[in-house]
Amino acid sequence: MPEDRREQAGEGPRDGGVPARVERVQVRPQSLERFRDVLPAARWRRVEDALARAGSVLTDRVVWNVNSTARGGGVAEMLRSLIGYARGAGVDARWMTISGDARFFEVTKRLHNRLHGSPGDGGPLGTSERAVYEAPLRRCADALLEQMRSRDLVVLHDPQTAPLVPLLADSGARIAWRSHIGQDTPNALALEAWRFLLPYVQHADVCIFSRQAYAWGGIETGRLAFIHPSIDAFSVKNQELDPDDVLAILAAAGILDGAGGGPAKFSRADETPGLVQRRTQLVEAGRLRAATQVAVQVSRWDRLKDPLGVVEGFAAHVAADSPAHLVLAGAETGAVADDPEGAEVLAEVEQAWTRLDPGTRERVHLACLPMEDAEENAVIVNALQRHASVVCQKSIAEGFGLTVAEAMWKARPVVATRVGGIQDQIVHGVSGYLIDDPRDLAEFGAAITAFLNEPATAAKVGARARRRARDKFLGPDHLIHYLRLFERLLKEKPSAKKLARPV
Ligand code: UDP
């Protein structure tokens with residue numbers, strides 16, 4: 001991926017050696033015009049209407065987006081795409097990243113883990129953690145306040161930015177805090193983290209969550225908003241690929257047997273040509289051929305994605321009724337130091353694979369996709385999803401599940417569990433299949449087998465899935481949700497609460 005051009009926008013005074021930088025991430029403007037041919041006429045008119053409204057509502061206002069990283073993870077990917085389209089539409093949307101010291105990120109990682117219901121490093125969340133959490137952000141706030149005006153709108157993303165909510169109140173700008181994390185039923189650990197965050201985020205004009213179940217109390221209803229994530233139809237992950245290119249990419253990556261014919265080409269985000277050259281690390285006992293039907297799950301090597309359940313479900317409830325293969329793909333776990341759990345989970349799946357009967361083992365492929373070049377990795381995911389006869393997402397828990405929207409956009413029939421945001425994406429029996437009980441391997445296997453053995457049904461469901469993804473989970477819809485929210489915020493008087501500094 002081409003390097004970001006990031007420029008330092010400000011550095012607050014250093015106190016006690018706490019580094020705190022605010023950097024602006026430069027984003028290439030993209031025209032929404034490219035959606036004219038993708039969206040049905042009525043939906044495109046809504047986009048045009050929104051563009052016209054944005055022109056008047058957002059004139060002479062900056063829409064600031066603040067998070068803690070310019071790369072890596074779904075939030076950064078989404079910001080790059082949405083800010084690019086907003087800028088292309090003439091909106092002065094800017095992306096700033098904050099940073100802190102190691103102790104700051106220790107606390108934010110602890111919060112992140114707790115919000116997901118897991119203890120993380122097991123450390124406390126008390127008064128001294130608040131001090132560590134707030135110190136760098138005070139300096140970042142000073143740098144941001146130098147540039148913000150009362151006309152502006154600010155969207156602060158995720159726990160890393162929460163202490164900025166009261167600190168930026170002096171700007172007079174409307175402030176939204178957006179959480180990209182969520183669980184349908186928070187456990188005690190998640191609620192502990194939420195109580196830690198509340199004193200900051202309750203001062204926002206609005207708190208945005210991906211779904212209603214993720215708002216865990218403490219914020220009055222009138223200051224809640226719900227916006228689900230989206231995918232970029234034109235990103236390397238989702239761009240259209242010719243069937244021949246799909247085969248060439250999967251062959252070049254080593255996933256499909258054979259030379260694949262043509263070059264494994266794709267278009268990079270900056271529109272320069274790319275070529276897949278790196279090979280996938282495969283655990284397999286037989287080769288996958290182009291003509292063989294295949295069920296695919298793409299996900300991190302994480303127990304919550306239930307890779308063991310996918311292998312066991314395939315072996316026990318698909319293998320006997322279909323000649324299809326299974327590809328379980330995730331990023332390579334070479335950088336074990338940053339993801340020790342990923343390597344551990346992959347090792348567990350390999351052990352389960354070893355225990356399969358030889359006939360089934362030949363049909364199960366564990367694929368660790370190369371990660372050196374993020375766009376090469378993305379286009380391999382793209383090709384795998386497009387090549388799949390069925391895509392599965394057998395998560396035990398899921399915030400949203402971008403892989404589901406990605407597969408739906410590619411007109412794949414998806415078999416997934418009815419958890420988190422997945423249930424907002426698939427309409428059961430219409431645009432995919434939802435398994436009520438994530439542990440029910442028999443139902444999981446039967447749903448996959450049915451799609452494999454009934455290609456006409458699979459194609460019909462896939463076509464409806466694409467329409468649903470097009471209508472609900474693409475960037476333009478996401479931007480319209482934001483615009484409506486901004487219109488609402490600008491009509492309201494600034495909240496009196498905002499003026500208090502609680503921290
Ligand atoms: N992904 C990827 N390369 C990989 C494995 C996964 O780009 O080798 C992507 C996947 O396509 C999706 C994202 O990582 O866009 C995972 O997001 P999701 O919401 O499905 O799950 P999360 O990992 O955030 O729990």
Side-chain angles (χ1 to χ4, degrees), residues 1 69 71-81 112-113 115-118 157-158 179-183 210-211 214 228-233 235-239 249-250 253-255 266 269 276 278-282 296-307 310 327-335 338-339 341-342 345-346 365-386 388 391-410 412 414 416-417 419-426 469 473-475:
M1 192 182 280
T69 176
R71 60 179 58 248
V75 176
E77 211 169 294
M78 220 151 49
L79 283 176
R80 186 174 306 283
S81 149
H112 179 91
N113 281 320
L115 288 169
H116 276 112
S118 102
H157 296 267
D158 280 333
S179 169
H180 295 270
I181 299 175
Q183 272 189 312
S210 296
R211 57 193 324 252
Y214 298 170
H228 48 65
S230 61
I231 57 166
D232 185 348
S235 67
V236 177
K237 176 88 55 69
N238 299 308
Q239 65 186 216
I249 288 165
L250 294 179
I255 294 169
F266 65 98
V276 173
R278 293 183 183 81
R279 309 280 290 180
T280 303
Q281 292 170 23
L282 287 159
V296 170
Q297 176 163 307
V298 176
S299 50
R300 288 180 292 110
W301 301 105
D302 185 314
R303 291 187 186 94
L304 289 178
K305 308 291 181 181
D306 200 17
V310 177
V327 173
L328 205 51
E332 62 189 9
T333 57
D338 6 31
D339 192 6
E341 207 174 289
V345 172
L346 175 61
H365 313 262
L366 309 181
C368 295
L369 308 181
M371 287 298 290
E372 288 93 328
D373 174 344
E375 292 189 342
E376 181 184 57
N377 173 277
V379 82
I380 299 172
V381 169
N382 186 340
L384 253 178
Q385 289 169 329
R386 286 183 192 279
V391 167
C392 5
Q393 193 55 59
K394 209 196 148 303
S395 306
I396 307 292
E398 195 64 73
F400 179 70
L402 283 170
T403 50
V404 172
E406 289 160 9
M408 290 173 77
W409 169 244
K410 291 164 187 127
R412 300 296 87 202
V414 182
T417 37
V419 294
I422 293 178
Q423 54 201 309
D424 300 329
Q425 299 185 63
I426 292 176
F473 305 116
L474 297 185

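Counting starts at 1 for both ligands and their atoms, following the listed order.
Not a single protein heavy atom sits closer than 4.0 Å to atom 14 (O) of ligand 1. Counting protein heavy atoms under 4.0 angstrom from atom 24 (O) of ligand 1 gives zero.
Listed by first then second residue, pairs satisfying salt bridge (charged side-chain N to carboxylate O under 4.0 Å, His left out) with a partner in residues 395-408 read Lys237-Glu406, Lys305-Glu398, not counting sequence neighbours.
Between Leu402, Leu384, Ile422, it is Leu402 that holds the heavy atom closest to atom 20 (O) of ligand 1.
A side chain to side chain contact (heavy atoms under 4.5 Å, CB included) with Thr280 is found for one member of Val327, Leu384, Ile255 and no other, namely Ile255.
Close contacts of ligand 1 with Gly330, meaning ligand atoms under 4.0 Å from a residue heavy atom, involve 8 (O). Every atom of ligand 1 is numbered from 1 in the order shown, and the set under 4.0 Å from a heavy atom of Val298 is 5 (C), 6 (C). Near Gly401, the atoms of ligand 1 lying under 4.0 angstrom from a non-hydrogen atom of the residue are 19 (O), 20 (O). Close approach of ligand 1 to Leu369 (heavy-atom distance below 4.0 Å) involves ligand atoms 8 (O). Counting atoms of ligand 1 from 1 in the listed order, those under 4.0 Å from a heavy atom of Val381 are 2 (C), 3 (N), 4 (C), 11 (O). Those atoms of ligand 1 with a heavy atom of Glu398 less than 4.0 angstrom away are 21 (O), 25 (O). The ligand atoms of ligand 1 that sit less than 4.0 angstrom from a heavy atom of Arg300 are 22 (P), 23 (O), 25 (O).
The shortest N or O to N or O distance between Gln385 and ligand 1 is not below 3.5 Å. Some N or O of Glu406 is nearer than 3.5 Å to an N or O of ligand 1, by distance alone.
Applying the side-chain contact (heavy atoms from CB on, under 4.5 Å) test to Ala405 and every residue at least two apart in sequence or in another chain returns Ile231, Phe400, Gln425, Phe473.
Ligand 1 has no atom lying under 4.0 Å from any heavy atom of Glu332.
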